[in-house]
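So that the names make sense, note that chain A is the first sequence line, chain B the second, and so on, each numbered from 1.
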Amino acid sequence: MNKKIVQVEIRQAKAVNFENKFFVQALRGNSFGEIDRRGKLMIFRLKKSFKISGSRVITSVLAHLKMTGQLIYEKKIGKKVEVVAGGHKLIEKDFDLPNKHTQVIFTFDDRGELFFNDLRRFGYMKLATVEEVQKVLSAFGIEPFTKNFTYENFLAALLKRKVTIKVALLDQKKIAGIGNIYADEVCFCAGVLPTRPVVSLSAAEKKKIFVCITEILKMAIKHRGTTFKDYLDSEGKKGNYTDFLKVFDREGEKCGRCGNLVKKIKSNGRGTHFCPGCQH
DNA sequence: CGGATTGTTCTTCC
DNA sequence: CGGAAGAACAATCC
């Protein structure tokens with residue numbers, strides 16, 4: 001990004017850590033450099049570090065959107081806004097931001113604005129020191145789409161686990177980035193019941209699950225994620241992977257693969273969807 | 001009004 | 001101590 005942040009407006013004090021005053025102090029006049037991601041956590045590296053008490057030095061902003069968070073970048077032009085990505089103007093529309101769900105607004109020196117919106121307010125933006133970032137990052141397991149995501153490493157992550165495959169897939173410490181929706185979809189893709197203990201899986205089933213993780217995530221990203229009601233991407237657009245979901249949120253519907261009715265149960269405190277006909 | 005929703009963290013148990 | 005399981009938490013909607 002590298003644009004200078006000229007203004008930071010915090011509308012919901014609880015959306016950020018530290019006192020609002022400090023949060024603004026650390027970021028005003030600063031700029032975001034590299035932007036990384038680990039699992040579902042985004043890391044905005046700051047161009048200039050910021051010293052706080054006890055020789056601690058803030059170097060990054062950690063952002064988590066949880067279920068209903070949005071980060072939307074827009075630029076006002078007259079009475080319209082243009083939505084910009086990669087330096088290209090995409091669409092013009094009436095501006096509807098900020099809205100009542102807007103938690104934080106960053107204004108940049110080119111008059112572009114980044115809105116952090118969150119209807120249910122589970123998400124956050126946190127200032128973090130090098131040590132805090134390091135600690136947070138080290139807690140994540142293998143990252144799909146990296147060279148570390150090999151079948152051997154996947155098997156090692158599952159090894160000795162006395163949990164169900166769904167719980168294992170959701171465990172960010174083992175494999176980073178899979179949430180409730182895609183855990184169900186991966187299990188369907190592999191033809192394996194989400195409630196199967198990891199130890200009961202055959203080699204062929206484990207291989208299938210491994211392949212399905214990449215397949216499902218790749219498709220989901222291609223279709224810009226799954227929008228139920230609230231999610232919008234950084235361009236303010238809805239994801240349309242909903243149309244491709246095979247079992248999630250399809251309770252009572254006919255399975256596209258075998259025609260049985262999709263079931264929904266509660267497993268480990270989470271809504272869990274599967275087809276009793278073709279998942280075993 | 002209560003249950004459902006999500007990802008993460010805390011608590012408790014063995 | 002560590003893994004597993006379950007509760008708690010954030011806030012809102014239907």
A.B. asks: By nearest heavy atom, map A/T164 and A/R121 onto DNA chain C; which one lands nearer the 5' end?
C.D. replies: A/T164

A.B. asks: Quick one: are the A/C189 and A/C212 sulfurs under 2.5 Å apart?
C.D. replies: yes

A.B. asks: Tell me, please, whether A/F210 has A/K207 positioned over its six-membered ring: NZ or CZ under 6.0 Å from the ring centre and within 45 degrees of its axis?
C.D. replies: no

A.B. asks: Please state how far atom NE2 in A/H101 lies from atom P in C/dC13, giving the value in whole angstrom units.
C.D. replies: 6 Å

A.B. asks: For C/dA4, does either OP1 or OP2 sit under 4.0 Å from a side-chain N or O belonging to A/R161?
C.D. replies: yes

A.B. asks: Below 4.0 angstrom from OP1 or OP2 of B/dG7, is there any side-chain N or O of A/H64?
C.D. replies: no

A.B. asks: What is the separation between atom CG on A/L170 and atom C1' on B/dT6, rounded to the nearest whole Å?
C.D. replies: 10 Å

A.B. asks: Can you tell me the distance, in whole Å, between the CG atom of A/N117 and the P atom of C/dT12?
C.D. replies: 13 Å

A.B. asks: Expressed as a whole number of angstroms, how long is the span from A/K166:NZ to B/dG7:P?
C.D. replies: 9 Å

A.B. asks: Check the distance between B/dT6's P and A/Y124's OH and give it to me in whole angstrom.
C.D. replies: 18 Å

A.B. asks: Tell me: CZ of A/F122 to C1' of C/dC13, nearest whole Å?
C.D. replies: 11 Å

A.B. asks: Do the side-chain N or O atoms of A/R120 get closer than 4.0 angstrom to the phosphate oxygens (OP1, OP2) of C/dC13?
C.D. replies: no

A.B. asks: Look at the side chain of A/K14 and decide which nucleotide, out of B/dT8, C/dA11, B/dT6, has an atom nearest to it.
C.D. replies: C/dA11

A.B. asks: Where the side chain of A/K40 is defined as all heavy atoms beyond and including C-beta, which of B/dT8, C/dA4, C/dA11 is the nearest nucleotide?
C.D. replies: B/dT8

A.B. asks: In whole angstroms, how far is the C1' atom of B/dT8 from the CG atom of A/N17?
C.D. replies: 16 Å

A.B. asks: Mapping A/R270 and A/K160 onto DNA chain C by nearest heavy atom, which one lands closer to the 5' end?
C.D. replies: A/K160

A.B. asks: Whether A/R250 engages the ring of A/F188 as a cation-pi pair (distance to the six-membered ring centre under 6.0 angstrom, angle to the ring normal within 45°) should be assessed.
C.D. replies: no

A.B. asks: Could you check whether A/G269 gets within reach of a base, just the sugar-phosphate, or nothing at all, counting any heavy atom under 4.0 Å?
C.D. replies: nothing

A.B. asks: Are A/K264 and B/dT5 close enough that a side-chain N or O sits under 4.0 Å from OP1 or OP2?
C.D. replies: yes

A.B. asks: Quickly work out the A/Q70 CD to C/dT12 P distance and round it to whole Å.
C.D. replies: 14 Å

A.B. asks: Give a yes or no on whether the ring-centroid distance for A/F106 and A/F32 is below 6.0 angstrom.
C.D. replies: yes

A.B. asks: Just by distance, no angles: are the side chains of A/T272 and A/K166 close enough, under 3.5 Å, to form a donor-acceptor pair?
C.D. replies: yes

A.B. asks: Taking for each residue the nucleotide of DNA chain B bearing the nearest heavy atom, is the 5' side occupied by A/K266 or by A/L41?
C.D. replies: A/K266

